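Read through the structure below, which is laid out as structure tokens, and then see the notes.
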Amino acid sequence: MKVSGPYSIYTYDGSIDGFFSVVFHAFQSRIPPADILSLVSNNQIPIGDIIDVTTCPRQAARVRRGIASKSDKKNLRLVQVAHLAETRQTDMLLYRYLVRLFEKPGQSYYRNMLDPLVYDLVQAARRVKKEVHRFHGFVRFQQTRDNMYVAAIDPDNNIVRLLAPHFTSRFPHRKWLIYDVRRKYGIFHDTSGLMEVKLEGHAFELDSGYIGKNARAVREDLYRELWQTYYDSVNIKERKNSRQMRAFMPKRYWKYLPEKSKK
Amino acid sequence: MRKLDILADAAKYDVSCSSSGSNRPARDGVGNTRSCGICHSYTEDGRCISLLKILYTNNCIYDCAYCINRRSNDIPRSAFTPDELAGLTMNFYNRNYIEGLFLSSGVLRSPDYTMEQLNEVARKLRNEYRFNGYIHMKAIPGADPLLVHQAGLLADRLSVNIEIPSEQQLLRLAPEKNYRSVFTPMNLISRNIAESREERKRYRKAPRFTPAGQSTQLIVGATEETDYTILRLASGLYNRQKLKRVYYSGFVPVNSHDSRLPELKQPPLVRENRLYQADWLMRFYHFRHDEILDENNPQLEQGIDPKLAYALRNPHLYPVDLDRASYEEILRVPGIGVRSARIIVANRRFGRIGFDHLKKMGVALNRAKYFIVCRELTTGIKPVVYPEQIRRKLLKSTNGAGTQLSLF
């Protein structure tokens, strides 16, 4: 794309379709972005020349097809996973990457990790995947009175959708819900499949992630206390190494881990 | 709750934790296993919690000097029933607290009886609860081969702990045990694994025997064996018995003073860490145990890691040209890990590898720079000329033995 005319700041709703709509818009209008900001993860939007793009699934689909036809499938996967990192610069990196892809198609750029742009994108995708792996362990379900298992999470990256496959294969015959309290949506699973859900009101206490006392199964508190007891008794005091513990399990994750957030 | 406290507390000195190496779908039941393993939490001492690690009972007929559950200790004793333990495991698993069960036990009445109880817990989980998550069980030395075989069909991993790295010392500290009692079940398990593999080649539905293999544990620092002896033993276990993991556990004096054991103020954590590093060199970096240490250098250096020590003892092998050298050679450069080595080999056709790339990959340049040829170091620094200077420099920059014991 030739640089012609002014630059502008684009804003969108933070979704991957929204991001692809921005890309579509920028290419069509030939106004390259000076910055791309998600309205969800940025509270302060600078004053100036702003184009707010409405998410359009049809435009997003066209960009997707474009990427898929320009090179192999892994590119699309890389772009979509890196986008979930939601870091400040990732969207611009992705945009620059896509410009390159569309200008000189047919190359598997993502293979060249010596290229700083590619390396940073691969790193962003890696951060996302790392957090997904962490949350395979850190999700804590609570059993409800009507025998559903629910969990509140607050991850750095927008990973709740990526958690679904693991928990679907682990608990295939059960109703469960994993809810991202910051992004205010979650994944619900029952025997008929997966569904994205938004909850009204406060189903989870924000500081502990617990569901209301009346909603909990009879023995829920008992098992949580047993788990806390277990956690304390497997520690070997002579080997205390809290720094190492925090390296693996950073403090920001503690609030929804019952073993780390005792009342 | 008291029971859980006692029996988890008593099990914690077994350091094995992993939930890896197995891959089983949930099918019509609950749970699956993932070959990568998943850690669910981390204790204050920095170790991961993956499995509910617990003893069936801490009653024991043996009296081993190094063990907290020995017969002569005056401690609260307790035991689960198979129902209690299976129920607890399921409730923890359903809440995603754990990846599965690590079931060990003191020896109650007889090895056969104990093994039967452990098998009963696993059988309940597998058959009644249709649990397909991870189960790690101890094979009780001295138990009937048939019982061990049944255990292997139920569990993902079996382990027999050697504990003391030489038979002579074991006899001194645990007069009721010997190497034969440990190696008999271990060899039996490795034979069963090999047979099951063969059968599955011919008949795909043949039952799997411990799909995640077997492991063992060695206590370090309770007796006088050198690191060389320990690594030689571990290497043999990897090669002959085909073990998946050997764990090293720095000796923690758990019993009031016993004249047969050393008095330590602190468990030998640095030594333990160096042993793990050496173990990693054998398992992932294609080192042989006798390349890491030999009769003349029987101990790992505490101040520098074993790969750096190897490089300084073999300066003629360096510098390694990152643009040309084989993957194997690059793996032997101090400061370069498996992931970085792979990236280098896969990407060097796009251009010359430079410091900026290495830094981004996370290569420890402070060590690596003495041993490589790359864009900025076209002829490399010749470590042949001054290995001693490099050692001194690096020792200074890391303040000798640091406190950080991370492996990754």
Side-chain angles (χ1 to χ4, degrees), chain A residues 111-116 118-120 122-123 133-143 149 151 166-174 176 178 219-220 222-249 253 257-260, chain B residues 1 4-9 11-13 25-32 34 36 38-50 52-54 88 91-92 94-99 132-133 250 252-253 266-267 269 343 346-348 350-354 356-357 360-361 403-406:
Chain A
R111 280 185 213 280
N112 181 4
M113 302 255 282
L114 300 191
D115 181 331
V118 175
Y119 195 87
D120 288 347
V122 171
Q123 280 305 105
H133 179 71
R134 271 183 161 159
F135 270 83
H136 286 162
F138 293 163
V139 165
R140 295 282 177 268
F141 286 113
Q142 302 158 66
Q143 192 182 15
Y149 286 82
H166 170 76
F167 288 101
T168 305
S169 50
R170 175 152 297 191
F171 302 115
H173 313 294
R174 171 178 300 169
W176 50 256
I178 302 173
R219 305 181 81 178
E220 178 56 33
L222 168 71
Y223 283 111
R224 189 176 60 235
E225 280 160 34
L226 281 171
W227 171 241
Q228 289 163 339
T229 307
Y230 176 73
Y231 178 82
D232 291 338
S233 58
V234 286
N235 177 36
I236 300 181
K237 288 187 194 67
E238 293 90 330
R239 299 181 58 114
K240 186 173 165 68
N241 188 350
S242 308
R243 205 173 87 180
Q244 175 104 330
M245 183 267 286
R246 282 195 305 275
F248 287 122
M249 194 163 71
Y253 295 139
L257 298 171
E259 67 270 29
K260 298 305 297 178
Chain B
M1 199 168 295
L4 178 69
D5 190 11
I6 294 172
L7 293 171
D9 188 77
K12 70 186 175 189
Y13 297 101
R27 289 201 202 91
D28 58 341
V30 175
N32 59 355
R34 298 278 303 256
C36 57
I38 294 172
C39 301
H40 287 253
S41 193
Y42 295 86
T43 54
E44 288 290 336
D45 55 31
R47 299 178 310 152
C48 92
I49 303 178
S50 179
L52 170 61
K53 189 188 294 180
I54 200 142
L88 183 68
N91 271 293
F92 275 14
N94 287 339
R95 288 168 176 76
N96 205 41
Y97 295 163
I98 52 166
E99 201 55 22
N132 280 310
V252 180
Q266 249 230 311
L269 295 180
I343 297 179
N347 287 280
R348 57 190 176 185
F350 297 111
R352 290 213 76 179
I353 305 285
D356 49 337
H357 304 128
K360 274 200 160 178
M361 289 172 208
T403 46
Q404 176 142 16
L405 300 173
S406 178

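Chain A is the first sequence line, chain B the second, and so forth, proteins listed ahead of strands; every chain is numbered from 1. The structure displayed is predicted, hence computed values, not measured ones. Worth knowing before you read on, the calculation uses all heavy atoms, side chains too, and leaves out hydrogens, waters and symmetry mates.
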Next item on the list: Answer yes or no: is there a side-chain heavy-atom contact under 4.5 Å between B:Asn94 and A:Tyr149?
Entry: yes
Checklist line | Member of A:Arg140, A:Glu259, A:His136, A:Arg134 meeting the side chain to side chain contact (heavy atoms under 4.5 Å, CB included) criterion with B:His40 | finding: A:Arg140
Next item on the list: Determine the option with the most heavy-atom pairs under 4.5 angstrom with chain A, choosing from B:Ile6, B:Val252, B:Leu52, B:Val30.
Entry: B:Leu52
Item checked: chain A interface, residue from B:His357, B:Arg352, B:Arg34, B:Glu44 that has the most non-hydrogen pairs under 4.5 Å -> B:Glu44
Checklist line | B:Asn347 side chain vs A:Met113 backbone, donor-acceptor pair below 3.5 Å | finding: yes
Notebook entry, point to check: At a heavy-atom separation under 4.5 Å, does A:Tyr253 approach chain B through its side chain, its backbone, both, or neither?
Noted result: neither
Item checked: Rounded distance [0.5 Å steps], CG in B:Asp9 versus CG in A:Asp232 -> 11.0 Å
Note to self: Please evaluate residues A:Gln142 and B:Arg95 with respect to the criterion side-chain hydrogen bond (donor to acceptor under 3.5 Å, both in side chains), reporting the C-alpha separation (whole Å), side-chain torsions for both, the decisive distance (0.1 Å), and the verdict.
What the structure shows: CA-CA 6 Å; A:Gln142 302 158 66; B:Arg95 288 168 176 76; over 6 Å; no
Checklist line | Structural part of A:Arg246 lying under 4.5 Å from a heavy atom of chain B | finding: neither
Next item on the list: Find the one option among A:Phe141, A:Phe171, A:Phe135 whose heavy-atom pairs under 4.5 Å with chain B are most numerous.
Entry: A:Phe141
Notebook entry, point to check: Side-chain contact, heavy-atom cut-off 4.5 Å: B:Asn96 with A:Phe138?
Noted result: no
Notebook entry, point to check: When only pairs under 4.5 Å are counted, which of A:Glu220, A:Glu225, A:Gln143 shares the most heavy-atom pairs with chain B?
Noted result: A:Glu220
Margin query: Checking the side chain of A:Tyr231 only, and the main-chain atoms of B:Ile49 only, is there a donor and an acceptor separated by less than 3.5 Å?
Written below: no
Note to self: Could you measure the distance from the OH atom of A:Tyr119 to the CG atom of B:Asp356? Nearest 0.5 Å is fine.
What the structure shows: 11.0 Å
Note to self: To the nearest 0.5 Å, what is the distance between OH on B:Tyr97 and CD on A:Gln228?
What the structure shows: 7.5 Å
Item checked: Most chain A-contacting option - heavy-atom pairs closer than 4.5 Å, from B:Ala346, B:Gly46, B:Gly354, B:Pro253 -> B:Gly46
Next item on the list: With rounding to the nearest 0.5 Å, note down the distance linking OG in A:Ser169 to CG in B:Asn132.
Entry: 11.5 Å
Note to self: Just so I understand: if I count every heavy-atom pair under 4.5 Å between each of B:Asp5, B:Thr43, B:Ile353 and chain A, which residue has the most?
What the structure shows: B:Thr43
Next item on the list: Locate the shortest heavy-atom distance separating A:His133 from B:Cys36; write the atom from each residue and the value.
Entry: CE1-SG, 3.9 Å
Check: So, for B:Gly351 and A:Leu114, which heavy atoms are closest and what is the spacing to 0.1 Å?
Finding: O-CD1, 3.5 Å
Notebook entry, point to check: Under 30°, 30 to 60°, or over 60°: which ring-plane class applies to A:Phe248 and B:Tyr42, parallel, tilted or perpendicular?
Noted result: parallel
Checklist line | Selection from B:Lys360, B:Glu99, B:Met361 maximising heavy-atom pairs under 4.5 Å formed with chain A | finding: B:Lys360
Next item on the list: Check whether any side-chain heavy atom of B:Ser41 lies under 4.5 Å from a side-chain heavy atom of A:Trp227, and answer yes or no.
Entry: yes
Margin query: Strictly distance-based, threshold 3.5 Å: is any side-chain N or O of B:Arg47 a donor or acceptor partner for the main-chain N or O of A:Val234?
Written below: yes
Notebook entry, point to check: Looking at CG of A:Asn235 and CG of B:Asp45, how far apart are the two atoms once the value is rounded to the nearest 0.5 Å?
Noted result: 4.5 Å
Next item on the list: Check whether A:Gln123 gets within reach of chain B through its side chain, its backbone, both or neither, counting any heavy atom under 4.5 Å.
Entry: side chain
Note to self: Which one wins on heavy-atom pair count under 4.5 Å against chain B: A:Thr229, A:Leu222, A:Leu226?
What the structure shows: A:Leu226
